[in-house]
Amino acid sequence: MCYKTALDKKAEEITKQTGRSFHIPEEFASYKHNDAFTKPNLYIIPQDAPAKIYPAVWGLVPDFINTADSSLTPSEYVNRYKTFNARGEEFFEKRSYKSSAEGQRCLILADGFYEPHHYKGKSQPFFCYLENRALFAFAGLYTKLDHELYTTTIVTVEANKTFELVHNNKKRMPLVLDDSFQEDWISDLNTNQVKEIVTSGFTNSSFQYHPVTNEIYKNRTMQGDKTQERVDAFDPQFNQGGLF
DNA sequence: CCAGACGTTGTT
DNA sequence: GTCTGG
DNA sequence: CCAGACGTTGTT
DNA sequence: GTCTGG
């Protein structure tokens, strides 16, 4: 993935911790399980309006698609190209991401995400979160279409030691920014400075994780506590004495 | 040069 | 709009 | 980018 | 080897 995320916090708490209020307070609803294929909103702090938190459709639509002569509508574009994640190593070379990487970066607020763990030909989702379910920020890119309609994508990088155990197939992970890099990410930077954060900006806080129900694979809009509750792991390495 | 693409990783 | 593929 | 071309003119 | 065509 990262194609599933969580932001299970009250608006007041998010405002208190980020120092930002919601641009459309009545629109925000917290969620425990948010699947990219349902094209939900994520909540972002964009570089061009960093004083507030805005809803942004998950699935980045480049500016050049939002024009009269484009052969694709924004919706068709996302369905076809699945721009839910942008590879940090390559986004400056990708037509869909280049201009966003250069000047339309954002923080994407979350307090959890899901990664698939493969064992004996099966996949089981693992819920990943910080100690005390702390709020964090993914590095993101965005575009702004008409009328403050934002679209966004989560930056991914090669998995670290922790996440290559969890996401043992593709060995990727979302770029969770260390607190010390959050404001930098949404400030004016040159290409090398952006690449430096992609390379070394991953959080120093340690992630926790545990297996959760496979029902979230069948039901993409599933909500409720069950989406995050620990279940038995298919892979016995994750069942020994509740180490995880 | 021009036509066509423009993306990443899921999950059965 | 800009890059890639043929 | 790669595959394929890569040339000129008479003459019965 | 280098240019052209697609």
Side-chain angles (χ1 to χ4, degrees), chain A residues 1-6 33-40 42 56-105 108 112-128 138-146 151-160 163-176 191 198 209 211-223 226-228 231-235:
Chain A
M1 295 208 218
C2 176
Y3 287 174
K4 291 173 181 286
T5 64
H33 167 237
N34 200 349
D35 184 299
F37 288 98
T38 67
K39 292 193 222 126
L42 296 176
V57 178
W58 192 356
L60 185 138
V61 177
D63 292 332
F64 60 81
I65 293 296
N66 192 43
T67 58
D69 61 339
S70 169
S71 59
L72 294 176
T73 65
S75 173
E76 287 168 341
Y77 176 85
V78 173
N79 288 342
R80 182 168 308 184
Y81 296 111
K82 301 180 174 51
T83 48
F84 306 130
N85 292 167
R87 292 173 66 90
E89 302 90 331
E90 296 164 6
F91 57 27
F92 279 113
E93 283 77 48
K94 297 289 181 182
R95 298 192 276 303
S96 293
Y97 297 137
K98 184 169 192 252
S99 65
S100 294
E102 286 167 348
Q104 295 180 108
R105 297 179 302 276
I108 301 174
F113 59 92
Y114 297 77
E115 290 291 345
H117 180 74
H118 294 265
Y119 182 72
K120 294 194 170 179
K122 295 226 170 185
S123 177
Q124 182 175 40
F126 277 44
F127 184 64
C128 308
F138 295 119
L141 306 179
Y142 70 92
T143 58
K144 193 176 180 181
L145 306 184
D146 305 328
T151 77
T152 192
T153 186
I154 296 173
V155 174
T156 66
V157 294
E158 188 178 351
N160 62 15
F163 284 102
E164 66 183 23
L165 285 177
V166 178
H167 192 186
N168 55 342
N169 190 8
K170 283 293 196 290
K171 299 189 176 174
R172 303 289 297 171
M173 65 179 182
L175 176 51
V176 175
T191 303
V198 168
Y209 48 88
V212 297
T213 178
N214 274 48
E215 287 174 46
I216 63 172
Y217 286 163
K218 297 175 185 144
N219 181 357
R220 287 185 170 158
T221 59
M222 186 172 172
Q223 285 296 319
K226 219 177 158 189
T227 60
Q228 298 185 355
V231 300
D232 288 342
F234 298 165
D235 183 346

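Remember, it's a predicted structure, so these values are computed and weren't measured experimentally. Proteins get letters first, then strands, A, B, ... in listed order; numbering begins at 1 in each.
If you check every strand for non-hydrogen atoms under 4.0 Å, A:Arg80 touches a base. The residue A:Ala36 sits apart from the nucleic acid: no heavy atom pair falls under 4.0 Å. Using a 4.0 Å heavy-atom criterion, one finds that A:Tyr97 contacts the sugar-phosphate atoms exclusively. A:Asp35 comes within 4.0 angstrom of a nucleotide base, judged by non-hydrogen atoms across all strands. Within 4.0 Å (heavy atoms only), A:Lys122 reaches no atom of the nucleic acid at all.
B:dC2 sits 9 Å from E:dG6 when the C1' atoms are compared, rounded to a whole Å.
Proximity of A:His167 to the phosphate of B:dG10: a side-chain N or O atom is located under 4.0 Å from OP1 or OP2. Proximity of A:Tyr3 to the phosphate of B:dT9: no side-chain N or O atom is located under 4.0 Å from OP1 or OP2.
Judged as a salt bridge (Lys or Arg N to Asp or Glu O under 4.0 Å), not a single pair has a partner in residues 70-83 of chain A (not counting sequence neighbours).
A side-chain contact (heavy atoms from CB on, under 4.5 Å) with A:Val78 holds for exactly one of A:Val61, A:Thr151, A:Val57; it is A:Val61. Just one residue in the list A:Ile154, A:Thr153, A:Val155 forms a side-chain contact (heavy atoms from CB on, under 4.5 Å) with A:Phe138, and that residue is A:Ile154.
Candidate nucleotides B:dT8, B:dG10, B:dA5 were compared by shortest atom distance to the side chain of A:Pro116, and B:dG10 ranks first. Candidate nucleotides B:dT9, B:dG10, B:dG7 were compared by shortest atom distance to the side chain of A:Lys94, and B:dG7 ranks first. Of all nucleotides listed (B:dT12, B:dT8, B:dC6), B:dT12 comes nearest to the side chain of A:Lys218. Across B:dT9, B:dG10, B:dG7, the shortest atom-to-atom separation from the side chain of A:Thr83 is found for B:dG7.
Take A:Phe126 and apply the ring-ring contact (aromatic ring centres under 6.0 Å, His included) test, not counting sequence neighbours, and it matches A:His117, A:Phe238. Take A:Glu102 and apply the salt bridge (charged side-chain N to carboxylate O under 4.0 Å, His left out) test, not counting sequence neighbours, and it matches A:Lys98. Taking A:Tyr77 as the reference, A:Tyr81 meet the ring-ring contact (aromatic ring centres under 6.0 Å, His included) condition, with sequence neighbours excluded.
Distance A:Leu175 CG to B:dT8 P: 14 Å, rounded to the nearest Å. Note: CE (A:Met173) to P (B:dT8) measures 16 Å, nearest angstrom. B:dG7 atom C1' lies 12 Å from atom CZ of A:Arg172, rounded to whole Å.
Between A:Lys170 and A:Glu115 there is no salt bridge, since no side-chain N of the basic residue sits under 4.0 Å from a carboxylate O of the acidic one.
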Hey, what are the protein-to-nucleotides 1-6 of chain C N/O distances that come in under 3.5 Å?
unit_1 : atom_1 : unit_2  : atom_2 : d
C:dC3  : O2     : A:Arg95 : NE     : 3.3

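You'll find a donor-acceptor pair under 3.5 Å spanning the side chain of A:Asn214 and the base of B:dT12, going by distance alone.
Counting only Watson-Crick or G-U wobble pairs whose defining distances are both under 3.5 Å, the stems of 3 or more consecutive pairs in DNA chain E are D:1-6 with E:1-6.
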Self-check item: Audit row: A:Lys39, A:Asn79, side chain to side chain contact (heavy atoms under 4.5 Å, CB included) steps and yes/no
Solution: CA-CA 10 Å; A:Lys39 292 193 222 126; A:Asn79 288 342; 3.0 Å; yes
Quiz item: Under the side chain to side chain contact (heavy atoms under 4.5 Å, CB included) criterion, do A:Ile108 and A:Tyr142 qualify, and how do the steps go?
Solution: CA-CA 10 Å; A:Ile108 301 174; A:Tyr142 70 92; over 6 Å; no
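In terms of modelled atom types and a separation under 3.5 Å, the side chain of A:Arg172 and the main chain of A:Thr156 share a donor-acceptor contact.
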